[in-house]
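Taking it in order: structure first as structure tokens, then the write-up.
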Amino acid sequence: MQRPVLVVFPHPDDEAFGVSGSISKFTNQGIPVTYICMTLGEMGRNMGKPTFATRESLPHIRRSELEEACRLAGIKDLRRFGLRDKTVEFEDQEQLADRVLEVIKELDPQLIITFYPGYSVHPDHDACGAAVIRAARKLPEKERPVINCIAFAHNTIEDLGEPDVKRDVSDVIDQKLSVLQAHRSQTEAMVQAMKEQIDAKDPEVMGRFITEKFWTYKW
Amino acid sequence: MKPIQQQDVQRELETFMNQDVYLHLETTNGAYASHFNEKFFSAGAYIRNGLVRFSRGQITGEGPYRIGLKMDLGWIYAEGLTDWELTDNGQLLLAGHDHDGKLAVALELSHEPF
Ligand SMILES: [Zn+2]
């Protein structure tokens, strides 16, 4: 059995846009993937198009969307941390890092994928990435797993340079699009807007989905 | 009001923890937002003298700041906070003023009703 890959994000659908191709490639090769999803995206503003979710039904809907997305991406181990959307940064950061560290110690992952702290725009994204880095820092440097981060702040390239990991996921693009569409409440409007291009496999739209980019965290 | 000093506000927030306190929380984009810009969808909400109790209060960000107050069964949250003051009767007032200096968000705590 190969060492697993650990994916840590705060919101259901964070994995869909930039990582679900990579995840699909791993699981298709038999590499187990564990996904820590910290919240249920309870505060999301997308309610489906036409609207079908309410503020109260949204977490239930997103939970089943998340489970379906995991099934489609081949993720068999989903760990929901039960935090609330938009509050990750306000929690006790030391305790949160310890929860992540427990999972790292349990799994001994070959790779962790998360957000780059400070370069991921949403405070939950930054706090999530920071918790993972803080957790890994508690291990001796030689024992820390490789951490590949997603970053999309405007100053990313300026500060961090070009991403050092670029993964072509064109061979699993249909799987990736199915994961994206599984998060129906969040992606339906976008998918509708792009449906023609997606159906026609428009090179510009597809280009954005085909290459997944990561920055390896440097200690 | 004066620009937020994160550590000062953090210290004051903690003096309101673990006791019943009165909350004023408000967001507003102004009643004229849609009048001046028809594409703008005006929305806002407020609660005055909500009686709340929180066990954790945290200010984060690099300005504008965010504050989260953790209650037994929920959360109170505000973003876009820029300025603060502590009144003579111990009320902690925080506000977010937009680029024109207009109020966009207010978060206030008091031991007595407002
Ligand atoms: Zn997110």
Side-chain angles (χ1 to χ4, degrees), chain A residues 10-11 38-47 49-51 54-60 62 81-99 115-134 151 153-156 158-159 189, chain B residues 4 6-18 21 23 25-27 29 33 39-47 50 52-82 84 92 94 96 104-105 107 109:
Chain A
H11 309 126
M38 290 186 166
T39 82
L40 282 175
E42 294 92 341
M43 298 291 276
R45 292 186 65 217
N46 289 315
M47 294 294 176
K49 193 179 180 189
T51 302
T54 68
R55 181 47 88 231
E56 298 311 315
S57 68
L58 189 63
H60 305 285
R62 295 196 71 175
F81 262 23
L83 303 185
R84 191 171 167 90
D85 194 6
K86 292 193 88 168
T87 69
V88 178
E89 62 178 330
F90 304 123
E91 293 283 0
D92 185 317
Q93 300 300 295
E94 182 70 10
Q95 276 177 21
L96 183 57
D98 282 339
R99 285 184 73 185
F115 281 116
Y116 208 114
Y119 294 92
S120 300
V121 182
H122 190 300
D124 283 345
H125 296 173
D126 285 335
C128 172
V132 173
I133 301 300
R134 187 168 177 155
H154 291 308
N155 55 340
T156 301
E158 199 184 317
D159 289 8
Chain B
I4 285 176
Q6 192 168 358
Q7 275 151 13
D8 295 343
V9 171
Q10 181 61 42
R11 196 174 49 241
E12 293 304 328
L13 275 179
E14 287 171 12
T15 68
F16 287 87
M17 284 183 345
N18 300 312
V21 294
L23 168 79
L25 178 63
E26 166 185 5
T27 71
N29 45 40
K39 291 218 175 83
F40 191 92
F41 185 88
S42 187
Y46 87 100
I47 177 170
V52 300
R53 177 185 279 255
F54 57 92
S55 58
R56 194 177 160 74
Q58 192 71 43
I59 179 166
T60 61
E62 286 161 15
Y65 296 89
R66 301 176 294 279
I67 285 181
L69 309 175
K70 186 175 193 173
M71 301 184 291
D72 278 355
L73 296 174
W75 284 90
I76 294 159
Y77 167 88
E79 75 173 289
L81 298 166
T82 55
W84 80 297
L92 176 59
L94 295 130
V105 59
L107 170 65
L109 293 167

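The sequence lines fix the lettering, A, B, ..., with proteins before strands; numbering per chain opens at 1.
- A side-chain donor-acceptor contact under 3.5 Å links B:N29 to the backbone of B:A43.
- Remark: the backbone N or O of A:A97 is not paired with any side-chain donor or acceptor of A:R134 at under 3.5 angstrom.
- In this structure, chain A has no heavy atom under 4.5 Å from any part of B:L69.
- Looking at A:D92, the atoms closer than 4.5 Å to chain B (heavy atoms on both sides) sit in the backbone and in the side chain alike.
- Your options are B:R66, B:E62, B:Q58, and the one with the most heavy-atom pairs under 4.5 Å with chain A is B:R66.
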Check: side-chain contact (heavy atoms from CB on, under 4.5 Å) between A:R99 and A:L83: does it pass, once the steps are laid out?
Finding: CA-CA 12 Å; A:R99 285 184 73 185; A:L83 303 185; 4.1 Å; yes
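- When heavy atoms are compared at a cutoff of 4.5 Å, B:E79 approaches chain A solely by way of its side chain, counted from C-beta outward.
- Between the B:E12 side chain and the B:D8 main chain, no donor and acceptor come within less than 3.5 Å of each other.
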